[in-house]
Amino acid sequence: MAGEYRFSMDQKDIVRILVATIDDFIRGRLINKEQRNLHKEQCAERLAAEGGSNDKDTEVRYSDQAVLANLDWGIEALEEALNTSNMETKLARLDHAEKMLQVCALLNSNEKTAGVPNFYLAAWAHLNLSYLWKLRGNAHNSVLHILEMFIVDPFFSRNDFAPELWKELFLPHMSSIVGWYSEERHRLVIEVIPDSSDLSFTADLDQFFNESLIFSLRPDHAEKLQKLEQLYGASLDENTRLFAKYFKDCMNSDSSSTKKVAPMLPIAEPPMTPLHEVSRSIPDYIKFGPILPKSAGFSSIKPKSKDGTTEASRPKGASSPTNNTEKFVGRYCQSDLLEENEDDPDQEPYDSYDLSDTATYKLLSPSSTRTSEDEQIGPNEEVSKMGSRKHSPTIFSPIASPSVPSPRVLSPTVNERKSESRTLRLLSSRGEQRVATSALGSPATRSDYSFSSVESDGEKDGHRRICKPTHNTTYDNVSSQDFENCSIDKLEEESRSRSSENVTHMVRPPKDFVCPITGQIFSDPVTLETGQTYERRAIQEWLKRGNTTCPITRQPLSSTVMPKTNYVLKRLTTSWQEQHPDLAQDYSWTGTSVSTVGSTFKRRSSLATTPCQPFHGSLNRTYESLNQKGKKLMQEAVSLSPTSVISQATVEKIINSLKPFVSCLCNFENLKQCETAVITIAGFWKDSKGDPAVHSYLSELAVVNGFMEILLNSREREVLRTSIYVLSELICADGSVGESLNSLDSDFDCLASLLTSGLSEASVLMCLLRPTFTQLSAHDLIPSLVQLLQKKNEDFDDLPFVIEPKDAAIAMLEQILMGADEDSQSRNVESLISAEGCPALVKFLDGAEVRRPILSMLLCCMRVNKGCKDSIVEKIELAPVLELLYTGNEDDRGLCVAFLSELVQMNRRTQCNQILQKIKNEGAFSTMHTLLTHLQKATIEQQPSIASLLLQLDLLVEPRKMSIYREESIDALFEAFCRKDNYNVQTAAADALLHLSGRLTSSGKCYAKSWLLKLAGFDQPYNALMKDEGLRKPDSELSEREEEEKAISVWEKRVALVICNHEKGYIFKVMKECLKSKSLEMARFCLVIVSWLCHMASMLPDTGVQETARRFLLDELVNVLQSSNSQEDKILACLALKTFISDPAALEELGLYARSINKTLRKLRRSSSVVNAIMKALMNLPSVDTTELWSYTEVGAIDSSSNGEVLSLLHLEGRVLSGHSDGTIKVWGAGNKVLRLIQEARKHSKAVTCLCVSSSYDTVYSGSLDKTIRVWSIKSEEIQCVQVHEVKEPVYDLKVNGKFACFISQGTGVKVFNFSGVPKHVNFNKYVKCLALSEDKLYCGCSGDSIMEVDLSKNTISTFYAGVRKLLWKQNIYSLHLHGDLLSAAGSAVDGTAGKTFSLSNKTTVGSFSTGVDVHHMVASTDFLFTASRLGMLIEIWTKEKHTKIGSVKLGSSASGSHTKITSLTTDDGGLLLVGTSDGKIQVWALD
């Protein structure tokens, strides 16, 4: 590996390249299933062949069969792991495969198993183990197994198992061995071919080494060839093993902290083969080096004729053996060897050649289209072309020599060489250097105004031209006085005269030893297909500038790849340099000026790395990344400039040509001329390829100011773009240029104005200046930057800016958004969203340099304005985000996790699941495995968000089996909850767990708390949230909402199942500790989580976690009820406690707190329906004494005796209505348990006997002895009579529904009135004492202890309860009360019973009131029934469920006399008990 480079490599670099190369190889194998199957079949055939070569009668031992079976099972298990998507199965199969493969990997290499060499089985096992460790994500172990494979069996590893990897890792180190093999084989082939002395030394001898020749080989020749092949293969195997051990030592040394000494790089030594064994007399010219093909551009050396002339002088029609051999084109060439530019120390003097003969040098112009390893074709492509040679079946070569036929192109004729450009010939002599100082100070350059082949060719690069009329002219046409009268001839003459002065007494080097481009003696000559030879660096630069023709002949080049070095010519030039050392030094490339200019350029580059403006925060990373990218492009563009033979030959020319235009720009007298000067200067700059000298000349302050004046005054778009292009190039290479521009705010204001005016390229220069947030915020740049991003890419293709304008725009957008305070950030985000910036940013996620800032901005937008999330989800492709997650550092991964977590927080569960599925499936590697690795390495602050995302991905499938991802993520969440010393971590974990519930609003907020309160019967928070968030769907979308609710329900159950069952309910123990948190906010977070988990656990199959929840949480929830000041917190605690009452043990434990929580529960019962269930369960507990749960306090009495008796009372939403015997109706306010008179209405002329309210609680009905029924509308503070109905009979009791008004009058039966016409009399010959109305059923309590049922819809009468008649005893039903499916009736006491409760559905008795007192009045609250007797002023209190008497209230102390009676009774659902008496008082009792 290190052999590929001309410099020594650090051990870490070697390890890095090893890991990257082998990782790429393994990844390709894992992706290509067909290739793996084919490889498996080939190896199986090899095993069969090896096994079949043994004696057929030999019995294979069982242990051997087991070893082979283990190998087969291991490979099958590995394939199953590759094919499954279930991570548990994958891990299990990988573990099994490792056990099986290790059996074969540890075999003794010196033995055999079932006739197969163990080293083959071990190598195959190591290859599959490397696949296994790659799947586990351990690149280090994967590399070690590959290297162990090459150590155990290098032969089959490089031929069967991994030939392409061997060619890339090991072949570059075998150049000396391959070279030795090629030369030795070449010598043997020469011995075999007859009349080889008549052949050209450039002929491809494989053309003559045909099949007939192979069969005619003498035994000694065949044996020599066979020994050579065997020796060559053995040498490759030995050195492969040697380098594999070295690479393995590098890997182990790099990973070990104890090993300090790095391993030494081995050297591949070729075998030492005695020459007498393989060769006879070798011609001298062979010692120049390996033979090149004829197609490389050489002319064959012809044997001299008798008259001394060569065969080349013969007529074309003459025939000769040489002419016959010219029909063959050689295929075996020097390119079989890896390129070696070192001189041969064993070369002999070239006495057989006359170096002064020009014709001789024309013969030495090889042209090979083969490419060396350090050229455009990389090692893989180079080696992959091996094996094109066809060997004899009897001769096996471990590696075929690479050979590619070259195109048959004839060498150029002498006339073609005479047509060589005079400009190019001028470069054959170099002049001395001088310093030319211009008005602005020109740097030191060469004084000879010599043209390179580029200028002489009039090179045109059309796609970079800005102003064609100006830039199409060559440098000769520039308007400089120094060059107007300067012609090519004069320059050539001046150059020759100077050269003659310097080398007056020296012999000039032969022309064929000098590069026509550089004018220097060849150092690395290459011959093109046209037959012309050039210095490698010069022709490379020529081709990189876009030229496709030969510089001299102008013939088009069919191939742009570099040929191999012309070793013959190189050795000849080396020999001549040894003979003329003084002259060779003058004509050789010394590089003195290169180092000088190079050091200057390095200093300027160091300045460019210094920020021009201080920049705060992590945003500097984006600017730095883009600037580094620009500098890298600049360095690539100018990499040849400090050492470029072309630019150094023309730098003085370019600078002198720039002088008049620069002077025009600096003076700035004529705008049009200055604009033309800008276009011309840009052309010179581009053609100079960023030469440091030209850069220094243009970086002067006066020049920079001239460009800024152009930006301030010009209106020509092309001129403005060109000025920005030049300035950006200058700034990128030298930061001091940017400092001069930053010194004036007006310069940045000018650029901002240009950007807002539509000049997109201004963003490049603004970005390079690294503006502060204050500078950017001073201009409204967001719309302009977004508009720039929305433009098509081709808008910027004509100028090669160091930074893409769109990348620059993204960098500035990031600073505008992320560098602001919270308020400014919100405004900027809204501006970006309104400009449709989010979809525009999403399109550029493919760009690696801007991927991080784009994600940061999108995340910021989603957090500030949740409404933009839908547009982002609609447009985004997740592959770039996942790529950053795989390849980025820890900060990048943290950003990706935050972005993905925010992205999946959608209010639609189905859409959220779709996004999660994309995250899980897309990408080159497992996203879940990457997140797991990141989770294990992340800080505790980062773990909750990672764990939440990983858990969501795992729960996309039904959690039926154990999952390592699920276990790790839940453990991470629990660990975060336990960090009592880190409140932020606890809060993050609680927030992550709540978001897992899946109940999110459109803004991404979790509404689990409001939803839980709604389940508990407290709807107000939920309704308010839905109204604000707009989550309520119209009827047309109701079905869609139902589907979403189903999806949420399924998701909730999955999450709750895995959370609650993890370690048998460990979450409840964690929550117990968190409920004790000193932070009220954290405790409330956990209360919501507890309520949600308890509610969900009650809906899941009982696995014992409910008992665990009770054991850890019941005491804490009771504590919340007793100590919390928040009604919502108490309701949430009740919701959790309700899930415990179905468990008898839990209910018994809760009963211990019944007395302490009873008061709180009674207060909550109006707000929450679950409280009634808890209270009902507690009341039914045998261990609970219900009398202890009730107490009362007399609040006071209101005297209304001036209005007579209080005949009726009605409690209505914080108000009390009383009807009096004088016809007055009074309205009282009941706030704070104190009655306050609000209104007194006197509409009835006689006593108001009854009051009732409609089911909608907006209308009150009053019945009176004045034979009227009045209808009252309820206002905010008062009631108002809206209707009067004459019924012609006094009304004693009244019940109303929406259709009918039923009342009791004189006589038997009941009256039914439909608010129109005359009341209908329903007579059943019994006196009715009381009424109860339920929809269309009217129940009448009658004399004779009976209850009649009247069906108002069918007009039918039936007996509901007949009662029991007692002799000489008058029995009546005085009060009826409906509550749900129960009907309670109270009246005369018979046998110690004064009333019963019936079931309406089956008319059976479900309870009775065991009292000896007649009951005349009865009201009911949620939990209790209150009964009152007419005499005695006694009120008894009963439980509604069990009809157990829990207490009584005696009103005798407040009554004015012993004859006072209770005339009316009402309650406000248990909080207040109001009693009306015959003495005109209203007594109030507070119930506790």
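- In this structure, Glu80 CD and Thr89 OG1 are separated by 9.5 Å, a value rounded to the nearest 0.5 Å.
- One N or O on the side chain of Asn118 and one on the backbone of Thr113 form a donor-acceptor pair closer than 3.5 Å.
- At least one side-chain heavy atom of Lys40 sits less than 4.5 Å from a side-chain heavy atom of Glu76.
- Under the 3.5 Å distance criterion, the side-chain polar atoms of Thr21 are matched with a main-chain donor or acceptor of Ile17.
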**OP:** Starting from the C-alpha separation in whole Å, work towards a yes-or-no answer on side-chain contact (heavy atoms from CB on, under 4.5 Å) for Leu144 and Asn252.
**Re:** CA-CA 9 Å; Leu144 290 179; Asn252 293 330; 3.8 Å; yes
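- Of all heavy-atom pairs between Met174 and Thr240, the closest is CE-N, 3.5 Å.
- Proximity of Tyr232 to Val178: side-chain heavy atoms (C-beta onward) are separated by under 4.5 Å at one or more points.
- A donor-acceptor pair under 3.5 Å is formed between the side chain of Asn239 and the backbone N or O of Ser235.
- Residues Ala105 and Leu129 come closest through the heavy atom pair CB-CD1, 3.9 Å.
- Nearest heavy-atom pair across Ala162 and Phe25 is CB-CZ, 3.6 Å.
- Between His39 and Phe161, the closest side-chain pair of non-hydrogen atoms falls below 4.5 Å.
- Side-chain contact between Leu121 and Leu68 is present, with heavy atoms from C-beta onward closer than 4.5 Å.
- Rounded to the nearest 0.5 Å, atoms CD (Gln540) and CG (Asp524) are 8.0 Å apart.
- Interatomic distance, Glu922 CD to Glu883 CD, rounded to the nearest 0.5 Å: 12.0 Å.
- Atom CG of residue Asp153 and atom CG of residue Leu127 lie 11.5 Å apart, to the nearest 0.5 angstrom.
- Note that the CD atom of Gln102 and the CG atom of Leu132 stand 9.0 Å from one another [nearest 0.5 Å].
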Original post:
Hey, mind stepping through Asp13 and Arg16 against salt bridge (Lys or Arg N to Asp or Glu O under 4.0 Å) and telling me if it holds?
Top reply: CA-CA 5 Å; Asp13 294 333; Arg16 177 176 53 81; 3.5 Å; yes
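- The shortest distance between side-chain heavy atoms of Ile22 and Leu169 falls below 4.5 Å.
- In this structure, Lys134 pairs ionically with Asp23, as a charged nitrogen and a carboxylate oxygen lie closer than 4.0 Å.
- Ring-plane geometry between Phe170 and Phe150 is classed as tilted, the angle between the planes lying from 30 to 60 degrees on a 0 to 90 degree scale.
- A donor-acceptor pair under 3.5 Å links the side-chain atoms of Arg36 to the main chain of Leu30, judged by distance alone.
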**OP:** Please assess Leu147 against Tyr246 for the test side-chain contact (heavy atoms from CB on, under 4.5 Å), listing each intermediate value before the final yes or no.
**Re:** CA-CA 9 Å; Leu147 296 177; Tyr246 165 70; over 6 Å; no
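- Annotation for Val103 and Lys99: closest pair CG2-O, 3.4 Å, computed over non-hydrogen atoms.
- Remark: side-chain polar atoms of Glu148 are not paired, donor with acceptor, to backbone N or O of His126 under 3.5 angstrom.
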Subject >> Candidate pair Trp124 and Asp160, rule side-chain contact (heavy atoms from CB on, under 4.5 Å), full reasoning >> reply: CA-CA 10 Å; Trp124 194 5; Asp160 284 5; over 6 Å; no
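- Taking 4.5 Å as the limit, some side-chain heavy atom of Glu98 sits within range of a side-chain heavy atom of Arg136.
- The residues Lys227 and Glu184 are annotated as not salt-bridged, no charged nitrogen and carboxylate oxygen being separated by less than 4.0 angstrom.
- A donor-acceptor contact shorter than 3.5 Å links the side chain of Arg241 to the backbone of Ile151.
- From Phe155, atom CZ reaches atom CG of Asp237 across 6.5 Å, with rounding to the nearest 0.5 Å.
- Side-chain atoms of Ser130 never come within 3.5 Å of backbone atoms of Ser142 as a donor-acceptor pair (strictly under, hydrogens ignored).
- Taking the six-membered ring where tryptophan is involved, the planes of Phe243 and Phe247 are tilted, since the angle between them lies from 30° to 60°.
- Using cut-offs of 30° and 60° on the angle between ring planes, the pair Phe119 and Phe156 is parallel.
- Taking the side chain as every heavy atom from C-beta outward, Glu79 and Arg93 never approach each other to under 4.5 Å.
- Here the closest non-hydrogen pair linking Cys104 and Ala125 is CB-CB, 3.7 Å.
- A donor-acceptor pair under 3.5 Å is absent between the side-chain atoms of Thr930 and the main chain of Tyr886, judged by distance alone.
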Original post:
Stepwise, does the side-chain contact (heavy atoms from CB on, under 4.5 Å) test hold for Leu231 with Trp180?
Top reply: CA-CA 11 Å; Leu231 187 60; Trp180 164 83; 3.8 Å; yes
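- At least one side-chain heavy atom of Leu557 sits less than 4.5 Å from a side-chain heavy atom of Leu543.
- Between Ile14 and Cys250, the shortest heavy-atom contact is CG2-SG, 4.4 Å.
- Evaluation of the salt bridge (Lys or Arg N to Asp or Glu O under 4.0 Å) rule for Glu238 yields no partner, not counting sequence neighbours.
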